[in-house]
Structures are given as C-alpha cells and as structure tokens.
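Source: prediction; values computed, not measured.
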Amino acid sequence: PKKLQNIEEEEISIEKIPISLSSLTSITYTQKAILKALYELQNQLNSPISFKSIAKYMYPGKKYNAVRTTLSEYLDTLSAYNLIKKDKIGRETIAVVTKKGEILAKELIKNDKAKKRLRIEE
C-alpha cells in the first residue's frame, strides 16, 4: 500500500481551518462517523484507506456494491469540505484524511469521550 507521506496534500493555513464544528452544520452524523473511522484507521495502519475497506468497516455484512454509491456520496461531501482527499491507485479509490479533517476528527472524538464521561458520572 502507498504510505501516507507519499501522498501530496495542499498546504492549509491554520487560520482557514474552522476549529468549531458549528460551521459544518450540513455534515450528517454518518459523514462524521465516516470521518472519525477514516482518521482512526489511517492512524492505526499508517496508510490510505480504500473505499472497499471503509465500506466493510462502516457496513459490516453488506455487499460493497450495495453501499458503494451511498458511501461515495458521503465521501464526496467530505472531500468538498477538504476534510479528506480522494485518489486513485490502479483500479482502487482511496481516501486520506487532510490536516483540516484530522483537526475535526480529533474534536469529534474528544466530544464523544466527553459525552461518555457525562453518562458514566450521571
């Protein structure tokens, strides 16, 4: 697999990155879940993640052809917000979380942990 450092990513100035999720209100719960999953898988494997792998992770037990179009639309939205970068390697399409996507994924994960802590303390 192609290692992360081999994929070029455009430079993003920190000032242009929205630190709050409030500016991304059109991103659905499922798209946020996909972004978090991509971020976590990418960190674990230190490699870009194929669309097929994302489909298996997000939709276990379902055939890839059954979820391919829906997943592709979700990933297109994340790409439009510059949260991921899509690339082709041979016949396979891969996704890489951008710096902006990493910041948002970390914030989402942090918010999830805070919510779990609140539930435990109640």
When you measure from the side chain of Gln31 to the backbone N and O of Thr28, does any donor-acceptor pair fall under 3.5 Å? yes
Could you report the tightest heavy-atom contact between Ala37 and Met58, atom names first, then the distance? CB-SD, 3.7 Å
First locate atom CD1 of Ile84, then atom OH of Tyr74, and finally report the distance between them rounded to the nearest 0.5 Å. 13.5 Å
Could you point out which residue of Ile27, Leu104, Asn111 forms a side-chain contact (heavy atoms from CB on, under 4.5 Å) with Lys32? Ile27
Is any side-chain heavy atom of Thr93 less than 4.5 Å from a side-chain heavy atom of Asp87? no
If you round to the nearest 0.5 Å, how far is NZ of Lys56 from CZ of Phe51? 15.5 Å
Provide the closest heavy-atom pair for Gln42 versus Val96 in the form atom of the first, atom of the second, distance. OE1-CA, 3.4 Å
For Ile54 and Ala95, which heavy atoms make the closest approach, and how far apart are they? CD1-CB, 4.1 Å
How many angstroms lie between atom NZ of Lys52 and atom CZ of Arg68, to the nearest 0.5 angstrom? 9.5 Å
Does Tyr39 reach the side chain of Asn43, with side-chain heavy atoms less than 4.5 Å apart? yes
Polar side-chain atom of Lys100 near backbone of Tyr81 as donor-acceptor pair, under 3.5 Å: yes
Please report the closest heavy-atom contact between Pro48 and Ile94, naming both atoms and the distance. CB-CD1, 3.4 Å
Could you measure the distance from the NZ atom of Lys85 to the NZ atom of Lys99? Nearest 0.5 Å is fine. 13.5 Å
Ignoring hydrogens and geometry beyond distance, is a side-chain donor-acceptor pair present between Ser72 and Thr69 at under 3.5 Å? no
Between Lys36 and Ala105, what is the shortest heavy-atom contact and its length? CG-O, 4.4 Å
Report yes or no: does Thr98 contribute a side-chain atom to a donor-acceptor pair with the main-chain N or O of Asn82 at less than 3.5 Å? yes
Point-to-point distance, once rounded to the nearest 0.5 Å, from CG of Leu45 to CD of Glu40: 11.5 Å
Side chains of Leu78 and Lys86: does their closest heavy-atom pair fall under 4.5 Å? no
Hey, could you give me the CG/CD1 distance between Leu38 and Ile49, rounded to the nearest 0.5 Å? 6.5 Å
Any Val97 side-chain heavy atom under 4.5 Å of Leu83 side chain: no
Measuring only between side-chain heavy atoms, which start at C-beta, is Leu75 closer than 4.5 Å to Glu73? no
